[in-house]
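Given the structure is predicted, the values throughout are model-derived calculations rather than measurements. Here is how names work: the chains are called A, B, and so on, in the same order as the sequence lines, proteins then strands, and each is numbered from 1. Only heavy atoms go into these numbers, but all of them, side chains included; no hydrogens, no water, no symmetry mates.
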Amino acid sequence: IRTLGTVLTNLCKTNRTRNAAVLVNIMREKGCRLDSFSYNLLLEGFCKEHQIDAAYEVVDQMAKDGCLPDAITCSIIVNHLCKNGQLNAASRLLKSMGKMCVPNVAAYTAIVECLCKASKVMDAEEALSEMMRKGCTPDVIIYTTLMYGHCKAGNLDRAFELFSEMEQKGCVADMVVYNVLLSGLFKAGKLVRACRFMQQMVERKFAPNVVSCNALMDYLCKAGNVKHAYTLLTWMTKGGCFPDVITYNTLMNGHCKAGEKEVAFSLMDEMILKGFCPT
RNA sequence: ACAGUAGGCUCGAUA
C-alpha cells in the first residue's frame, strides 16, 4: 500500500497517468480505498496531460468513494484553470471552495500569477488583500509572484516595497525572489542598481546562479552588447554557474539579431556537444 | 511522529 503511492507518483509524473488510473482500478476491485493524496496525484497528472475528461472522472470517483476534496485538490484545479486561460472559472471555484475548506495560498498564487501575466497587477494586489482578509497568511511565493507582476509593469518601487513588507512579516527570502527583482532591474535598464543588488545577494549568501546570469546575459544582448554577453559565458563557468539551454538560446538569439550568424551557429554546435537539445 | 500530492524567477516559440 505504501509502495502503491510511490508507484503512482512515478507514473503520474512521467505522463503515464493513464497507467496509474488502470492500476488504481485494479486496486479498487480488490477492495483497496485510495486516500486524497493518491486522488490528487491522478488529478494533477491528467490536468498536466490535458486529459480534462479524465480529470473530471477522478473528481467524480473521489466523491463516490466518499473522499472529500481537500485544499490541495482545489488548488490543483484552480491552477490548471488559470494556466488554461479560464481565470473566471478559477475565481468562481476559489470563492465556492472558501465554504468547504480553508482558502489556501497556492490557489491564490495561481490567480495572482494569472492576473499579473495579463498585466492586471491592481487586481492581483486585490486578490492578495482578499486572501489576507480571509485569514490566510501570505508566504514568500505569493509575494514573489506579485513582485514579478510589478516588475513586469515597470513599477520597481512597489516591488521593492513588497520585498521589505515580506521580510518584516518574517518571510524568508529565497533565490527566486532575488532573481525576480534582479531581472526586474535589468528589464528596466537599471544596470548600476542591478550590480549593487547582486552584491547584496552575495552578502546575503545568495550568490547569483544560472538564472541570474541568464538575466544579465539577456540584458547585455538586448543592450547591443553581444561581445560582453559572449565573454560572460566563460566567466560564469569559472564562477561555478554552468550554462544551460536558456543561456545558449539567449546568446544565439542575441547574435542572430546582431547579424552575427556564424557565432550563433558555432554556439549551436557547442551546445549540442554539451548534450543540450536545441529548442 | 518520520512514503508519496498543489502555487513563484531567466531566453525563445506559440496566442
Side-chain angles (χ1 to χ4, degrees), chain A residues 1-13 17 20 34-45 47-48 58 62 69-85 90 94 104-114 116-118 124 127 131 136 138-149 151-152 159 166 171 173-187 206 208-222 229 236 241 243-257 264 267 271 276 278-279:
Chain A
I1 277 289
R2 180 164 281 231
T3 52
L4 176 64
T6 314
V7 172
L8 290 180
T9 310
N10 285 323
L11 289 174
C12 293
K13 300 242 166 187
T17 311
L34 293 196
D35 57 6
S36 61
F37 266 64
S38 310
Y39 279 115
N40 289 338
L41 276 168
L42 290 178
L43 179 60
E44 165 79 355
C47 285
K48 281 226 160 77
V58 173
M62 205 170 168
D70 59 11
I72 296 190
T73 316
C74 293
S75 67
I76 292 173
I77 301 174
V78 168
N79 182 34
H80 284 87
L81 287 172
C82 285
K83 294 256 156 52
N84 292 297
L94 190 60
N104 91 337
V105 218
Y108 272 99
T109 307
I111 301 266
V112 167
E113 186 197 7
C114 192
C116 288
K117 297 224 152 119
M131 185 191 86
C136 183
D139 64 7
V140 58
I141 300 188
I142 196 160
Y143 269 115
T144 308
T145 310
L146 187 54
M147 286 161 59
Y148 164 86
C151 288
K152 188 169 167 316
M166 180 191 93
C171 292
D174 63 10
M175 198 60 208
V176 179
V177 209
Y178 284 113
N179 278 333
V180 166
L181 290 172
L182 182 64
S183 68
L185 289 168
F186 283 131
K187 289 245 157 68
F206 283 98
N209 63 6
V210 216
V211 175
S212 330
C213 289
N214 290 342
L216 170 57
M217 187 164 290
D218 183 54
Y219 165 80
L220 291 171
C221 287
K222 295 203 166 129
M236 65 189 276
C241 288
D244 60 8
V245 205
I246 296 187
T247 315
Y248 281 102
N249 276 348
T250 310
L251 256 190
M252 292 188 320
N253 190 27
H255 280 85
C256 285
K257 294 231 162 95
L267 282 165
M271 118 182 222
F276 293 121
T279 59

When all nucleic acid strands are considered with a 4.0 Å heavy-atom cut-off, which category describes A:D35: base, sugar-phosphate, or nothing?
base
From B:U5, B:G7, B:C9, pick the nucleotide closest to the side chain of A:I142?
B:G7
Let's see if you can work this out: which of B:A6, B:G7, B:C11 has an atom nearest to the side-chain heavy atoms of A:D218?
B:C11
Taking only side-chain nitrogens and oxygens of A:K187, does any of them come within less than 4.0 Å of OP1 or OP2 of B:C11?
yes
By the 4.0 Å heavy-atom rule, please label A:N10 as base, sugar-phosphate, or nothing.
nothing
Under 4.0 Å, heavy atoms only, any strand: does A:K257 hit a base, just the sugar-phosphate, or nothing?
nothing
Which listed nucleotide (B:C11, B:A6, B:C9) is nearest to the side chain of A:N79?
B:A6
Is it the case that the base of B:G8 and the side chain of A:T145 share a donor-acceptor contact (distance under 3.5 Å, atom types as modelled)?
no
Please state how far atom CG in A:N249 lies from atom C1' in B:U10, giving the value in whole angstrom units.
11 Å
Hey, does A:S38 reach any base, or is it just sugar-phosphate, or nothing, if we go heavy atoms under 4.0 Å?
base
Counting any heavy atom closer than 4.0 Å, what does A:V180 reach on the DNA or RNA strands: base, sugar-phosphate only, or nothing?
sugar-phosphate
Under 4.0 Å between any heavy atoms, over every strand shown, what does A:T250 touch: base, sugar-phosphate, or nothing? Just pick one.
sugar-phosphate
At under 4.0 Å, does any side-chain N or O of A:K117 touch on OP1 or OP2 of B:G7?
no
Kindly determine whether A:K13 and A:E44 satisfy salt bridge (charged side-chain N to carboxylate O under 4.0 Å, His left out), including the steps that lead there.
CA-CA 9 Å; A:K13 300 242 166 187; A:E44 165 79 355; over 6 Å; no
Atom-to-atom span, CG of A:L81 to C1' of B:A6 - whole angstrom
13 Å
Out of B:G8, B:C11, B:C9, which nucleotide sits closest to the side chain of A:V177?
B:G8
Identify whether any heavy atom of A:Y148 sits under 4.0 Å from a base atom; if not, whether one sits that close to sugar-phosphate; answer base, sugar-phosphate or nothing.
sugar-phosphate
Just by distance, do the side chain of A:N253 and the backbone of A:C256 share a donor-acceptor pair under 3.5 Å?
no
Roughly, in whole Å, what's the span from CE in A:M147 to P in B:U10?
13 Å
With the side chain of A:I76 defined as its heavy atoms from C-beta on, choose the nearest nucleotide among B:C11, B:A6, B:G7.
B:A6
Any N or O donor-acceptor pair under 3.5 Å from the base of B:G7 to the side chain of A:N104?
no
Closest to the A:I72 side chain, choosing from B:C9, B:U5, B:G7
B:U5
Is there a donor-acceptor contact under 3.5 Å from the side chain of A:D218 to the main chain of A:N214?
no
Describe the nucleic acid contact of A:A215 in one word from base, sugar-phosphate, nothing, applying a heavy-atom distance below 4.0 Å.
sugar-phosphate
Roughly how far, to the nearest 0.5 Å, is CG of A:N79 from SG of A:C47?
8.5 Å
Measure the distance from CE on A:M175 to P on B:U10 and round it to the nearest whole Å.
13 Å
What is the distance, to the nearest angstrom, from the CG atom on A:D139 to the C1' atom on B:A6?
12 Å
Can a donor-acceptor pair be found, under 3.5 Å and without considering hydrogens, that links the side chain of A:S38 to the backbone of A:L34?
no
Whole-Å gap separating P (B:U10) and CG (A:L251)
18 Å
Nearest to the side chain of A:N253, heavy atoms from C-beta on, is which of B:C9, B:C11, B:G7?
B:C11
Gap between atoms NZ and P, on A:K83 and B:A15 respectively (whole Å):
21 Å
Looking at A:S36, is its backbone amide N or carbonyl O close enough to the side chain of A:N40 to form a donor-acceptor pair, meaning the two atoms are under 3.5 Å apart?
yes
If you measure only the distance, is there a donor-acceptor pair under 3.5 Å linking the side chains of A:S212 and A:N179?
yes
Can you tell me if the side-chain N/O atoms of A:K13 get under 4.0 Å from OP1 or OP2 in B:A6?
yes
Measure the distance from CG on A:L185 to C1' on B:C9 and round it to the nearest whole Å.
13 Å
Any base atoms under 4.0 Å from A:D244, or only sugar-phosphate, or nothing? Heavy atoms, all strands.
nothing
